[in-house]
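Quick caveat: nothing in here was measured; it's all calculated off a predicted structure.
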Amino acid sequence: MEKLKIWSKKNAVCLVLIALIIFFGVANKTFLTVTNIINITSQMSINALLTIGITFVIIIGGIDISVGSVAAFAGIFSAYIGLRFQDAPLIGILGIQLGSAIFIGTLCGLFIGVMVAKFNVVPMIATLAVMQSARGLAYVVTDGQPVYGLSDTFAWLGSERLFTTESMKNGVLPVITIFMIIILIIMHILLSRTVFGRHVYAVGSNEKVARLSGISVDGIKIKAHVLCSIMAALGGVCVTSKLNNGQPAACDTYEMYAIAATVLGGTSLLGGTGSVLRAMFGCAIIAIINNGMNLMQISSYWQKVIIGMIILLAVVIDMAQKREKV
């Protein structure tokens, strides 16, 4: 029984995920269809990209509430460049999208990282400033209006599907899902198999010890924030591609979903522990809840209430586990 109890604690998120799948599968016959499952993977891809990035920041003991706004600004930036190159081939459009994300993400991440590492600004305040500024710039640049007129090629990353079949002539696997999986694998290797990843855990576990060990703590913090903002920007570009237009209000409150998914996946808000792979379980839980409630025609207002309670529960569980270890 003791071993079962320990196993249950370690795999609680998996058990919750299985329970939700069973519940919504029984509640609505559409839920477990292949089409709906593929839709869930597509729906969770944006949040997954933001979650992957924010996992790095939370592991070092920080927080980033700017990812939603950074995503929106990066999406607007890529849309305006896309308008200027309407006739570009697919590889060129992909270059514009990825280049826009890396450029905007690097700028925002560098600013946050420098403020936190060099000027000792509290991460919440530094990211709050960027959250307001990036969202404000998205509205200023667009004058509050969506950016329309993008080519069909621009929508390939967010809307296209691959591997057509007789029953699914539009394609089976969404490109955005494949893209997310590729990024997930790269970031998992970076965090779990590289020196940089080990330094990220070291800084989050004990910053003073990490500094005495010769680790460039400031450098790790800056790099973690840059990675986080780039992942957010990639998510924003994917949203713009999916909608095939730039929305200044895109990804509003997505930072809350990303933080919730990360904590649900076992990443401690106190830093030092976490995994991008386990964070995906948190993403899946949130995506399944949203999808299941939509199928059950539950009001979007109640969905916000439920997600809010999930965030609170995740934090309470995280704090309780920390107290047990102490």
Q. Short question: side chain of Q86, backbone of G149 - any donor-acceptor pair under 3.5 Å?
A. yes

(Q) For W156 and I93: C-alpha separation, side-chain torsions, deciding distance, then whether side-chain contact (heavy atoms from CB on, under 4.5 Å) applies. (A) CA-CA 9 Å; W156 186 84; I93 293 296; over 6 Å; no

Q: Say whether, by atom type as modelled, one donor and one acceptor occur between the side chain of T253 and the main chain of M256 under 3.5 angstrom.
A: no

Q. Backbone N or O of L157 within a donor-acceptor pair of the Q97 side chain at under 3.5 Å?
A. no

Q) Side chains of H225 and F111: does their closest heavy-atom pair fall under 4.5 Å? A) no

Q.
Between S213 (side chain only) and I215 (backbone N and O only), is there a donor and an acceptor less than 3.5 Å apart?
A. no

Q | Residue D152 excluded, over 12 heavy atoms near CG under 6.0 Å | A | no

Q. Of all heavy-atom pairs between S159 and S241, which one has the smallest distance, and what is that distance?
A. OG-O, 3.7 Å

Q. Could you walk me through whether M231 and I183 pass the side-chain contact (heavy atoms from CB on, under 4.5 Å) check?
A. CA-CA 9 Å; M231 290 298 105; I183 296 295; 3.5 Å; yes

(Q) Is it true that, when you exclude F281 itself, more than 12 heavy atoms of the residues, nucleotides or ligands shown sit nearer than 6.0 Å to its CZ? (A) no

Q | Spacing of CG belonging to L191 relative to CZ belonging to R198, to within rounding of 0.5 Å | A | 11.0 Å

Q: Kindly give the heavy-atom pair with the smallest separation between E255 and S69, and that separation in Å.
A: OE1-N, 4.5 Å

Q: Check whether any side-chain N or O of Y257 sits under 3.5 Å from a backbone N or O of T51 as a donor-acceptor pair, and report yes or no.
A: no

Q. Out of curiosity, T240 OG1 to L150 CG, how far, rounded to the nearest 0.5 Å?
A. 8.0 Å

Q. Where do A72 and P248 come nearest, in terms of heavy atoms and distance?
A. CB-O, 3.9 Å

Q: Decide side-chain contact (heavy atoms from CB on, under 4.5 Å) for L137 and I76; before the verdict, give the C-alpha distance in whole Å, the side-chain angles of both, and the deciding distance to 0.1 Å.
A: CA-CA 10 Å; L137 284 171; I76 293 296; over 6 Å; no

Q: Give me the one residue out of I21, I22, L20 that meets side-chain contact (heavy atoms from CB on, under 4.5 Å) with I18.
A: I22

(Q) For the backbone of A202 and the side chain of S205, can you confirm whether one donor and one acceptor N or O come within less than 3.5 Å of each other? (A) no

Q | Shortest non-hydrogen contact between A261 and N47, atoms and distance | A | CB-ND2, 4.0 Å

Q | Expected output: side-chain S78 to main-chain G75 donor-acceptor under 3.5 Å | A | yes

Q. Measuring from M180:CE to M187:CE, what's the distance to the nearest 0.5 Å?
A. 13.5 Å

Q: Would you name the heavy atoms of L295 and F31 that are closest together and state the gap between them?
A: CD1-CA, 3.7 Å

Q) CE of M296 to CZ of F23: how many Å apart, nearest 0.5 Å? A) 4.5 Å

Q.
Less than 4.5 Å apart, side chain to side chain, heavy atoms only: is that true for M124 and I65?
A. yes

Q) Angle class for the F73/F77 ring planes (parallel below 30°, perpendicular above 60°, tilted otherwise)? A) tilted

Q.
Measuring from atom CD1 of I230 to atom CG of L107, what distance do you get when rounded to the nearest 0.5 angstrom?
A. 10.0 Å

(Q) Looking at F24, I want to see if its CZ is surrounded by more than 12 non-hydrogen atoms of other residues, nucleotides or ligands under 6.0 Å. (A) yes

Q: Say whether, by atom type as modelled, one donor and one acceptor occur between the side chain of N245 and the main chain of L243 under 3.5 angstrom.
A: yes

(Q) Check this for me: does any side-chain nitrogen of one of E160 and K242 sit under 4.0 Å from a carboxylate oxygen of the other? (A) no

Q. Does a side-chain heavy-atom distance below 4.5 Å link V239 with C251?
A. yes

Q | Stepwise side-chain contact (heavy atoms from CB on, under 4.5 Å) test for K223 and F56 | A | CA-CA 9 Å; K223 289 174 184 176; F56 281 81; over 6 Å; no

Q: To the nearest 0.5 angstrom, please state how far the CD1 atom of I112 sits from the CE atom of M131.
A: 11.0 Å

Q. Is it true that a side-chain atom of T177 and a backbone atom of L173 form a donor plus acceptor pair closer than 3.5 Å?
A. no

Q: For residues I63 and P123, report the shortest heavy-atom separation together with the two atoms involved.
A: O-CB, 3.7 Å

Q.
Is it the case that atom OH in Y80 sees more than 12 heavy atoms from other parts of the structure closer than 6.0 Å?
A. yes

Q: Establish, from distance only, whether the side-chain atoms of N291 and N36 form a donor-acceptor pair under 3.5 Å.
A: yes

